[in-house]
Amino acid sequence: QVQLVESGGGLVQAGGSLRLSCAASGTIFSINAMGWYRQAPGKRRGLVAITTSGGSTNYADSVKGRFTISRDNAKNTVYLQMNGLNPEDTAVYYCNANLRRDSSYSSYFYWGQGTQVTVSS
């Protein structure tokens with residue numbers, strides 16, 4: 001089985017910074033992509049940032065220039081550095097991984113349990 005364990009959420013004032021971490025463990029052959037999604041109350045879960053095994057990244061327009069996603073392949077860990085936070089960034093942040101569990105071409109999606117980020121004005 002595979003687990004994604006997130007950490008780093010919390011309460012911060014507007015303009016502040018937080019760094020989220022997500023470590024994948026278990027039966028992992030390779031990871032295709034890891035990313036962060038968020039869901040605010042009453043809203044759908046949406047992409048924040050994603051990074052692929054090839055090193056490419058993609059960001060939601062609302063976080064470009066403020067958030068940076070990075071990855072430590074040796075540790076199967078992805079990070080999200082969030083700067084310039086504002087109250088609109090308040091949400092539960094979920095880690096997501098698309099990975100292979102063995103040498104077959106089958107890949108699977110996994111989610112972390114979520115970590116709360118609250119930005120006060």
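When reading the values below, keep in mind they use all heavy atoms of this one structure, side chains included, and skip hydrogens, waters and symmetry mates. For clarity, every value in this text was computed on a predicted model and none was experimentally measured.
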Give me the atom names and distance for the closest heavy-atom approach of Cys95 to Met34. SG-CE, 4.2 Å
Without hydrogens or angle criteria, can the side chains of Ser53 and Asn32 be said to hold a donor-acceptor pair below 3.5 Å? no
Taking it one step at a time, do Ile31 and Arg71 satisfy side chain to side chain contact (heavy atoms under 4.5 Å, CB included)? CA-CA 11 Å; Ile31 299 179; Arg71 183 169 156 182; 3.5 Å; yes
With rounding to the nearest 0.5 angstrom, report the OH to CD1 distance, Tyr108 to Ile28. 13.5 Å
Do Asn58 and Leu47 have side chains that get closer than 4.5 Å, going by heavy atoms? yes
Just how far is it from atom OH of Tyr93 to atom OG1 of Thr115, taken to the nearest 0.5 Å? 10.5 Å
hydrophobic_cluster_shared for Tyr37 and Tyr79, side chain cutoff 4.5 Å: no
Taking the side chain as everything from C-beta on, heavy atoms only, tell me whether Ser106 gets closer than 4.5 Å to Arg101. no
Are the side chains of Val117 and Arg38 in contact, using a 4.5 Å heavy-atom criterion? no
ILVMFWY network linking Leu20 to Tyr94, side-chain heavy atoms under 4.5 angstrom: no
Distance from Ser107 atom OG to Asp102 atom CG, nearest 0.5 Å? 11.0 Å
Is the shortest heavy-atom distance from the side chain of Asn86 to the side chain of Arg66 under 4.5 Å? yes
So, the side chain of Tyr59 versus the backbone of Ile69: is there a donor-acceptor pair under 3.5 Å, distance only? yes
Drop me the distance from Thr51's OG1 to Trp36's CH2, to the nearest 0.5 angstrom. 13.0 Å
Spell out, yes or no, whether Val78 and Val2 are grouped together once hydrophobic residues are joined by side-chain heavy atoms under 4.5 Å, including indirect joins. yes
Do Leu85 and Phe67 come within less than 4.5 Å of each other through their side chains, counting heavy atoms only? yes
To the nearest 0.5 Å, tell me how far Ile50 CD1 sits from Leu80 CG. 12.5 Å
Distance col, row Leu18:CG vs Gln81:CD, nearest 0.5 angstrom, shows 8.5 Å
Counting heavy atoms not belonging to Gln3, are there more than 12 under 6.0 Å from its CD? no
Do Thr90 and Gln116 come close enough that some side-chain heavy atom pair is under 4.5 Å? yes
Hey, any chance Val12 and Val48 share a hydrophobic cluster, counting ILVMFWY side chains that come within less than 4.5 Å of each other, even indirectly? yes
For a quick test of reading the model, state the closest non-hydrogen atom pair linking Pro87 to Ser121 and the distance between them. CG-CB, 3.8 Å
Check: Glu6 and Trp111 side chains under 4.5 Å, non-hydrogen atoms: no
